[in-house]
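Proteins come first, then strands; the chains are lettered A, B, ... in the order of their sequence lines, and each starts at number 1. This is a predicted model, so every value here is computed, not measured.
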2 protein chains.
Amino acid sequence: MKVGNALAALNALSHETRLSAYRRLVKAGPDGMSVGELRDELEVPPATLTAHLNVLRAADLVQDQREGRVIRVTANFDRMTSLIAYLTENCCADAGQCAPVPVCAQPARRGC
Amino acid sequence: MKVGNALAALNALSHETRLSAYRRLVKAGPDGMSVGELRDELEVPPATLTAHLNVLRAADLVQDQREGRVIRVTANFDRMTSLIAYLTENCCADAGQCAPVPVCAQPARRGC
DNA sequence: TTCATATTTCCATTATTCCAGAATTATAAA
DNA sequence: TTTATAATTCTGGAATAATGGAAATATGAA
């Protein structure tokens, strides 16, 4: 991941509403949820949510798919993985300084 | 790590100059570097650097220590570790959706 | 068609952040 | 003391981001 992409992702996640939206989408899993469902949960006006989603989209942290009138939004897990890898390199690589990172420490989770 | 702390850290790192500063401090290792050295490398005016450092300080991503006239700044590795853990939980925990995270994948690094 | 719904874009307003010069504080050296 | 250096705070203007109402677009249903 390039610096510019990391900055875009960090910026996208650094806003309360957007972080909430992203977390909610992660919770929703691979099926994601519609913009309307997200709006109901976050309780923000439509235009405001769209603006925030656009930031997350530009950072490639979410992707969407139109299903008729509804737009289904999903979290881009790979992108988050890349961001975490980028930060990890910032933490470990150059300095040889590496605090133990509890990544996927929980047992019995898929992919861990 | 609480949401507010994660937001502060994400926000602090979401600016090009601040991310550069933090990365440079990580590279400098546990001894860190003086504000002046950092200023020379980043080539920003003193007041500007101080303002950015204050954001990183507020997020507890760096800490400093006065040595005479010089202030020595060091990266707070634990804080970054906590941030990575927070993001990892956002990525894995609730959804049971976990992409393989290449944390400390490089061999022969201390602590990995 | 016409109507209804989902979502977006447009736009203006407000709020926040960024920037960097000037003044200030802190410390050390002469 | 006085002088010099390191870094900070203060400050105000410029740039950017956030907000949300209103209008526009996209799609499906009647």
Engineer: Is there a residue in residues 61-74 of chain B whose heavy atoms reach under 4.0 Å of DNA chain D, and which residues are they?
Structural biologist: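 By residue number: B/Arg69, B/Val70, B/Ile71.
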Engineer: Quick one: is C/dT17 close enough that its OP1 or OP2 comes under 4.0 Å of any side-chain N or O from B/Asn11?
Structural biologist: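 For C/dT17, OP1/OP2 do not have a side-chain N/O of B/Asn11 under 4.0 Å.
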Engineer: Would you indicate which nucleotide in C/dT8, C/dG21, C/dC19 comes nearest to any side-chain atom of B/Thr48?
Structural biologist: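 From the listed options, C/dC19 comes nearest.
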Engineer: Can you tell me if the side-chain N/O atoms of A/Arg18 get under 4.0 Å from OP1 or OP2 in D/dA17?
Structural biologist: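 For D/dA17, neither OP1 nor OP2 has a side-chain N or O of A/Arg18 closer than 4.0 Å.
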Engineer: Could you check how far CG of B/Asn54 sits from P of C/dC19, rounded to whole Å?
Structural biologist: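 Whole-Å distance recorded here is 14 Å.
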Engineer: Looking for any heavy atom pair under 4.0 Å, which part of the strands does A/Pro45 touch: base, sugar-phosphate only, or nothing?
Structural biologist: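 Touches sugar-phosphate only.
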Engineer: Do other residues, nucleotides or ligands put more than 12 heavy atoms under 6.0 Å from A/Glu67 CD?
Structural biologist: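 Check passes, neighbour count above 12.
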Engineer: Which pair of heavy atoms, one from B/Leu56 and one from B/Ala12, lies closest together, and at what distance?
Structural biologist: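 Heavy-atom minimum between the residues: CD2-CB, 3.9 Å.
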Engineer: Looking at A/Asn11, is its backbone amide N or carbonyl O close enough to the side chain of A/Ser14 to form a donor-acceptor pair, meaning the two atoms are under 3.5 Å apart?
Structural biologist: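 Checking the backbone N and O of A/Asn11 against the side chain of A/Ser14, a donor-acceptor pair under 3.5 Å is found.
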Engineer: Between A/His15 (NE2) and D/dA17 (P), how many Å, whole number?
Structural biologist: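 Going from A/His15 (NE2) to D/dA17 (P), I get 12 Å.
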Engineer: So which nucleotide from C/dT7, C/dA20, D/dA18 ends up closest to the side chain of A/Ser34?
Structural biologist: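 Nucleotide nearest to A/Ser34's side chain: C/dT7.
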Engineer: Over how many whole Å does the gap from A/His52 atom NE2 to D/dT19 atom C1' extend?
Structural biologist: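 The distance from NE2 of A/His52 to C1' of D/dT19 comes to 8 Å, rounded to the nearest Å.
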Engineer: Atom CZ of A/Arg57 to atom C1' of C/dT9: distance rounded to whole Å?
Structural biologist: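 To the nearest whole Å, that distance equals 12 Å.
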Engineer: Using whole Å, what does the distance between atom P of nucleotide C/dT9 and atom CG of A/Leu49 come to?
Structural biologist: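 Roughly 12 Å, once rounded to whole Å.
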Engineer: May I have the distance from B/Glu37 (atom CD) to D/dA7 (atom C1'), rounded to whole angstrom?
Structural biologist: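 From B/Glu37 CD to D/dA7 C1': 14 Å.
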Engineer: Can you tell whether the side chains of B/Arg72 and B/Asp64 come within less than 4.0 Å, N to carboxylate O?
Structural biologist: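 Judged by the 4.0 Å cut-off on N to carboxylate O distance, B/Arg72 and B/Asp64 do not form a salt bridge.
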Engineer: Given atom CG of A/Leu42 and atom P of C/dT7, what is their separation to the nearest angstrom?
Structural biologist: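 Atom CG in A/Leu42 sits about 13 Å away from atom P in C/dT7.
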Engineer: Heavy atoms only, 4.0 Å cut-off, all strands: where does A/Thr17 land among base, sugar-phosphate and nothing?
Structural biologist: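 Touches nothing.
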Engineer: Nearest whole angstrom, please: distance from the P of C/dT7 to the CG of A/Leu53.
Structural biologist: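 From A/Leu53 CG to C/dT7 P: 10 Å.
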Engineer: Quick check: does any side chain N or O of A/Thr48 sit under 3.5 Å from a backbone N or O of A/Val44, one acting as donor and the other as acceptor?
Structural biologist: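 Between the backbone of A/Val44 and the side chain of A/Thr48 there is no qualifying donor-acceptor contact (under 3.5 Å).
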Engineer: Does A/Gln63 offer a backbone N or O that forms a donor-acceptor pair with the side chain of A/Asn76 under 3.5 Å?
Structural biologist: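 No; zero donor-acceptor contacts below 3.5 Å.
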Engineer: Does B/Arg39 reach the main-chain N or O of B/Ser34 with its side chain, forming a donor-acceptor pair under 3.5 Å?
Structural biologist: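 Such a contact is absent between B/Arg39 side chain and B/Ser34 backbone.
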